[in-house]
Amino acid sequence: MSEGVITGIAALLFTSLLVRVLPVVYNFKFPEGLVKWMETILPSAVFLNFIAYIFLQEMRVSAVAALVSLGLTAIMAYLNLGGLFMGVLGGCMSYYLLTTS
Amino acid sequence: MRDSSSLDIAIERDQGKASSIRRPFLRVLPSAITIIPVSMLFGVLAYRADWSMLEVLAAGFLGFTGSGQFALLPLVDTNASFLTMLIVCASINSRYFPIAFTTTKRLPKTFFARTFVSHMLGDEAYATERSGDTVKETLIIRLTIFAFWVVSGVIGAIVAQVIPSAWLTTDIHLGFPASVVLVHLSVSQIKMRVSGIFLMQSVMVLTCLLLATAFYWWLGPTYFWIPSVIMTAVVLDQWKKHE
């Protein structure tokens with residue numbers, strides 16, 4: 001293994017320990033209200049930011065195709081049309097058609 | 001008669017065990033399949049940057065993080081310091097800090113198992129998990145995504161040995177299916193979580209999306225996560241209180 005790659009892998013591992021392991025192994029003492037807030041409000045905030053982030057990132061590659069195909073997927077998910085498989089298929093197919101036409 | 005009923009109970013128990021493994025596995029399988037091309041792409045690019053198979057395997061296993069791994073490739077290439085790599089990787093993945101907090105109740109109690117399962121936390125796994133999932137279901141969901149990611153990365157490095165370099169310059173967007181899956185899972189989760197809690201849900205969702213967009217443009221895709229998630233949560237909290 002080269003030194004640069006070992007350093008890089010060590011940085012990734014340390015990152016994982018910091019952002020994923022530390023919050024669950026260290027017994028942080030939070031007030032009950034904050035714990036309830038983290039269990040109910042925070043996940044919704046994370047998912048809303050996921051959506052904004054993915055739309056904006058993909059629109060940097062192909063604005064119209066990403067907007068239409070991800071929008072279609074979001075609508076299919078909201079209306080529960082065809083489940084995850086059909087939603088993903090619809091999104092990918094429309095993206096492919098829009099980017100190759 | 002008693003032997004027969006004991007056998008029936010044993011069969012039912014075995015079926016129950018198989019079902020408790022199969023159900024979360026089938027739930028996460030579509031997401032796991034869509035990350036294959038993304039992870040393979042990492043393997044291909046790492047191999048092209050002179051990484052060995054063992055290094056690709058170690059990066060996937062020890063440093064399991066999609067965007068972080070891709071960001072690392074040019075940093076390793078330019079001999080960046082450990083601190084630089086750590087700051088970049090931690091910034092990109094800072095969203096996991098609040099996310100990890102919300103999953104503590106469905107993790108194993110023992111230290112090493114808890115550490116390993118939390119290390120396997122990924123966006124797709126988090127979006128697939130439900131708050132009522134058991135420790136076993138959480139483990140299966142995370143392990144499936146993790147195994148698909150690590151193995152696909154190595155397969156990508158193997159494939160890179162045999163495919164012509166010219167194929168890698170095409171404009172195929174391999175990461176798009178993974179983005180589609182995350183959008184689908186996120187919309188499903190939001191629909192489930194906000195239903196009946198907020199008034200004017202469409203306006204609330206639109207407001208939060210616009211807020212996240214503003215933070216994204218202001219701070220950029222790397223640094224917007226923590227402030228944007230916190231502000232979105234504050235808006236959601238206020239919206240709930242004022243209904």
Side-chain angles (χ1 to χ4, degrees), chain A residues 1-2 4-25 28 30 35 37-58 61-62 66 69-70 73-78 80 84-85 87-88 90-92 95 99, chain B residues 30 34 51 54-55 58-59 62-65 68-69 72 75-76 79 82 85-86 89-90 93-102 104 107 111 114-115 118-119 121 173 176-177 179-184 186-191 193-194 208-209 212-213 216 221 225 228-229 232-233 236-237:
Chain A
M1 280 198 184
S2 74
V5 176
I6 292 172
T7 308
I9 293 169
L12 283 173
L13 178 62
F14 201 67
T15 296
S16 184
L17 294 175
L18 274 177
V19 301
R20 292 192 285 218
V21 178
L22 182 67
V24 300
V25 295
F28 289 97
F30 293 122
V35 172
W37 179 82
M38 286 194 293
E39 287 173 356
T40 54
I41 299 292
L42 195 56
S44 300
V46 170
F47 285 118
L48 284 163
N49 276 271
F50 264 154
I51 293 174
Y53 173 76
I54 293 163
F55 266 82
L56 293 166
Q57 284 292 96
E58 292 298 345
V61 180
S62 180
S69 51
L70 291 175
T73 305
I75 290 167
M76 288 177 80
Y78 182 75
N80 206 15
L84 178 63
F85 181 77
V88 172
C92 290
Y95 185 80
T99 50
Chain B
T34 59
W51 288 40
L54 183 62
E55 288 167 343
L62 298 173
F64 172 62
T65 154
Q69 285 175 235
L72 201 70
L75 294 176
V76 169
N79 286 322
F82 173 78
M85 293 184 195
L86 181 65
C89 292
N93 292 290
S94 58
R95 67 184 178 280
Y96 286 119
F97 201 86
I99 287 174
F101 272 120
T102 67
T104 50
L107 294 179
F111 178 79
R114 197 173 178 84
T115 299
S118 59
H119 170 66
L121 173 65
H173 184 13
F176 191 74
S179 294
V180 175
V181 168
L182 265 183
V183 166
H184 195 286
S186 299
V187 171
S188 304
Q189 285 273 356
I190 289 166
K191 187 184 166 189
R193 286 172 184 275
V194 305
C208 292
L209 291 176
T213 303
Y216 177 95
W225 281 104
S228 183
V229 166
T232 308
L236 287 174
D237 202 33

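Quick note on labels: first sequence line is chain A, next is B, and so on, each numbered from 1.
Nearest heavy atom pair, residue B:Phe176 against residue A:Ser69, reads CZ-OG, 3.2 Å. Residues A:Leu12 and B:Cys89 share a closest heavy-atom pair of CD2-SG, 3.7 Å. Contact between A:Ile9 and B:Ala58 at its shortest, heavy atoms only, is CD1-CB, 3.8 Å. Shown here for B:Met85 and A:Gly8, the closest heavy-atom pair between the two residues is SD-CA, 3.3 Å. Nearest approach of B:Leu86 to A:Ala11, heavy atoms of both residues: CD1-O, 3.7 Å.
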Verdict with reasoning, A:Tyr78 to B:Ser188, per side-chain contact (heavy atoms from CB on, under 4.5 Å): CA-CA 6 Å; A:Tyr78 182 75; B:Ser188 304; over 6 Å; no

Check against side-chain contact (heavy atoms from CB on, under 4.5 Å), A:Thr15 and B:Thr65: CA-CA 9 Å; A:Thr15 296; B:Thr65 154; 5.9 Å; no

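The side chain to side chain contact (heavy atoms under 4.5 Å, CB included) test with B:Val187 is passed by exactly one of A:Ile51, A:Thr73, A:Leu70, A:Leu48: A:Ile51.
Between B:Trp225 and A:Tyr53, the angle of the ring planes lies from 30° to 60°, which puts this pair in the tilted group.
Within a 6.0 Å radius of CZ in B:Phe97, other residues, nucleotides and ligands contribute more than 12 heavy atoms.
Interface summary for chain A: among B:Cys208, B:Pro221, B:Pro30, the most heavy-atom pairs under 4.5 angstrom belong to B:Pro221. In terms of heavy-atom pairs under 4.5 Å with chain A, the best-connected choice from B:Pro98, B:Ser118, B:Ala100 is B:Ser118. Interface summary for chain B: among A:Asn80, A:Thr99, A:Val25, A:Val61, the most heavy-atom pairs under 4.5 angstrom belong to A:Val25.
Of the two parts of B:Ile190, only the side chain, counted from C-beta on, holds a non-hydrogen atom closer than 4.5 Å to a non-hydrogen atom of chain A. Within the 4.5 angstrom heavy-atom criterion, only side-chain atoms of B:Leu72, from C-beta onward, approach chain A. Of the atoms belonging to B:Leu62, heavy atoms from both backbone and side chain fall under 4.5 Å from chain A.
Looking only at side-chain heavy atoms (C-beta outward), B:Arg95 and A:Val46 stay at 4.5 Å or farther from each other.
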Do any side-chain atoms of residues 16-24 of chain A form donor-acceptor pairs under 3.5 angstrom with protein atoms, and if so which ones, sequence neighbours left out?
{"from": "A:Ser16", "atom 1": "OG", "to": "A:Arg20", "atom 2": "NE", "distance (Å)": "3.1"}
{"from": "A:Ser16", "atom 1": "OG", "to": "A:Arg20", "atom 2": "NH2", "distance (Å)": "3.1"}
{"from": "A:Ser16", "atom 1": "OG", "to": "B:His119", "atom 2": "ND1", "distance (Å)": "2.6"}
{"from": "A:Arg20", "atom 1": "NE", "to": "B:His119", "atom 2": "O", "distance (Å)": "3.3"}
{"from": "A:Arg20", "atom 1": "NH1", "to": "B:Phe64", "atom 2": "O", "distance (Å)": "3.0"}
{"from": "A:Arg20", "atom 1": "NH1", "to": "B:Leu121", "atom 2": "O", "distance (Å)": "2.7"}
{"from": "A:Arg20", "atom 1": "NH2", "to": "B:Phe64", "atom 2": "O", "distance (Å)": "2.4"}
{"from": "A:Arg20", "atom 1": "NH2", "to": "B:His119", "atom 2": "O", "distance (Å)": "3.3"}

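With no hydrogens or angles considered, a side-chain donor-acceptor pair links B:Ser228 and A:Asn49 at under 3.5 Å.
Here B:Ala233 pairs with A:Trp37, A:Ile41, A:Leu42, A:Ala45 under the side-chain contact (heavy atoms from CB on, under 4.5 Å) rule; sequence neighbours left out.
Atom CZ of residue A:Phe50 and atom OG of residue B:Ser179 lie 11.0 Å apart, to the nearest 0.5 angstrom. Remark: A:Thr7 OG1 to B:Phe82 CZ distance equals 8.0 Å, nearest 0.5 Å. Within the model, atoms CD of B:Glu55 and OG of A:Ser2 stand 4.5 Å from one another, a figure rounded to the nearest 0.5 Å.
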